[in-house]
Amino acid sequence: MIKLEKINMIFGEGTPNRNHVLKDLDLKVSRGDFITIIGSNGAGKSTLFNVISGNLKPSGGKVTIQNQDVTGHPEYRRARYIGRIFQDPLLGTAGKMSIVDNMMVAGYKGFKGLKISLTKAKRHYFREQLRSLDMDLEHRLDDNVALLSGGQRQALTLLMMALSKPELVLLDEHTAALDPRNAAQVMDLTTRFITEYGFTVMMITHNMQQAIAYGNRLLMMDEGKIIIDIRGKEKEALTVDSLVKRFHDIRKKDFTTDEALLT
Amino acid sequence: MVEGIFVEGLIYSILALGVFLTFRVLDFPDLTVDGTFPLGASVMAICLTGGMPMPLALLLSFLCGCAAGVVTAVIHNKLGVPGLLAGILTMTMLWSINIRVLGNRANLPLLRTDTILTRVEKVFGPVFGETAAILIFFFLVVLVIKVLLDLFFHTDLGLTMGALGDNQQMVISQGVNPEMVKIIGVGLSNGLVAVSGAFAAQYLGFADVNLGIGIVVSGLAMVMLGEFLFSSTRISLLTLRVILGAILYKAIMFAGRYYGYYIRLTPNDLKLLTGILIIACLTISRYRSRGFHFTGRRK
């Protein structure tokens with residue numbers, strides 16, 4: 001469904017600060033995949049997401065979504081197929097607008113016209129959807145989003161993303177900025193939406209445990225390359241120890257982020 | 001005098017609504033306004049003296065204003081220039097264009113020309129009295145514009161515009177081209193400003209290329225004064241607040257002009273007064289945290 005071919009991403013070409021972040025990266029994502037991505041800081045995980053979402057244009061290579069070459073398409077055009085959730089809960093919603101207005105803006109992808117789409121039925125539908133979040137938001141439709149907690153805000157972003165039914169979901173450490181209780185709640189919601197709507201998902205995480213526990217395929221990135229790609233049965237048998245050992249065997253060095261091991 | 005405050009306040013509240021749309025809703029500090037206000041006045045004046053039907057002349061003023069706004073937004077989008085600079089560029093170019101519109105003159109009197117206002121005075125003057133007729137007329141005009149704007153902010157496009165000023169990434173994530181929304185928003189804002197200029201020219205009895213100097217600052221002062229009146233998150237109250245702010249601003253300026261001589265203020269000092277007013281507003285709002293809604297980016 002998504003194909004990346006020979007993607008190269010170089011920042012600051014021609015300057016002393018030249019930084020080659022992605023190196024000849026190839027990746028094929030099939031429909032229904034739930035891929036978890038781990039890797040140390042600077043491995044190129046977020047850059048990979050930026051290249052897929054269209055936020056960055058790769059220095060070389062081709063991005064294909066559903067057999068369509070989208071390498072030159074701007075981010076807003078690709079956003080019709082892609083739902084992306086950021087680590088920062090503030091990026092997914094407009095704080096100065098009410099919950100219901102936010103949900104209206106996210107009601108459908110693409111250019112918005114001069115229609116007034118908010119009807120009684122729609123309000124009711126939104127209320128039911130909010131009730132399913134189980135965060136006491138169903139009575140706060142007209143409250144400004146800035147009044148919500150980070151966890152509530154991220155859950156709302158998740159719901160809005162799910163309702164727009166994208167082809168591909170990109171989760172960029174979307175629970176990392178939340179406290180443990182909220183993080184668990186948002187992660188539960190994430191898996192529920194994924195099974196409910198059958199999304200194709202790529203999830204970046206710093207948490208090895210999480211990367212192993214979720215999804216049917218695991219990628220480990222290092223220095224701009226995918227060095228480990230495990231799926232299916234082999235992934236189910238994976239443990240943190242065996243993963244760290246594999247990394248060590250391939251790279252002849254220790255896995256660098258301690259936080260990934262500690263959490 | 002009181003009627004004068006209200007009439008001027010209502011005329012300039014259309015300008016203030018335009019400034020509100022860019023500065024507050026879109027978070028796009030647009031200085032084109034200094035050029036579009038006299039543009040609206042000039043287009044209206046030249047059309048009226050040329051004998052064009054009045055509604056058509058007003059529509060043309062609006063459209064010329066929109067076009068000026070679109071130019072600013074396109075400069076900003078396509079050349080990656082900050083909105084502030086894009087606005088100054090358009091504003092500067094408009095000064096020359098306005099002189100061309102007026103037929104290579106800097107000033108065009110309308111005293112012997114039939115305008116919308118003379119029409120209103122003629123038709124409704126005998127019924128309500130001339131001043132009251134003008135007041136009622138402007139009240140209705142501003143009411144219609146306000147209601148239309150409120151409706152606009154409830155449409156999908158209007159909501160997206162509000163979201164854009166708040167969080168551009170969110171709007172992009174919804175598959176909307178932010179550049180397009182900015183073009184529409186800045187265009188609409190400047191259209192309103194031009195309409196305000198068109199009415200101001202008829203009220204003052206002339207169009208002048210220098211009508212717009214510092215007008216964006218006045219507009220901003222009106223918006224800020226309104227924000228002190230009450231806080232709300234409902235768009236219909238937010239637009240009402242802008243209109244009340246414009247009337248309040250005009251009242252303060254009138255007071256400055258009439259009673260200012262006690263402290264030796266002259267009309268030339270009014271721009272200084274406007275600036276001090278804005279600085280006072282900014283200072284007070286720093287120490288008094290208001291609601292979240294559309295109150296700028298300061299945190």
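Labels below follow one simple rule: chain letters A, B, ... track the order of the sequence lines, proteins then strands, and each chain is numbered from 1. Here the structure is a predicted model, which means the values were calculated and not measured. Side chains included, hydrogens not; waters and symmetry mates left out as well; all remaining heavy atoms used.
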- Item | Selection from A/Ile82, A/Thr93, A/Asn55 maximising heavy-atom pairs under 4.5 Å formed with chain B | A/Thr93

- Got a salt bridge between A/Lys45 and A/Glu173, using NZ or NE/NH1/NH2 to carboxylate O under 4.0 Å? no

- So does B/Asp150 pair up with B/Lys146, basic N to acidic O under 4.0 Å? yes

- Item | Trace of the side chain to side chain contact (heavy atoms under 4.5 Å, CB included) decision for B/Glu179 with B/Lys78 | CA-CA 9 Å; B/Glu179 296 184 357; B/Lys78 295 298 167 205; 3.1 Å; yes

- Only one of A/Val51, A/Thr71, A/Ile52 clears side-chain contact (heavy atoms from CB on, under 4.5 Å) with A/Ile7; which? A/Val51

- Okay, B/Leu151 and chain A: the region with an atom under 4.5 Å from a heavy atom over there is both

- Query: Do A/Phe49 and A/Phe86 pass the ring-ring contact (aromatic ring centres under 6.0 Å, His included) test, and can you show the C-alpha distance, the side-chain angles, and the key distance before you say yes or no?
  - Reply: CA-CA 10 Å; A/Phe49 269 22; A/Phe86 296 87; 9.3 Å; no

Chain B contact via [X] - side chain, backbone, both or neither, heavy atoms under 4.5 Å:
X	answer
A/Asn102	both
A/Met160	side chain
A/Leu114	both

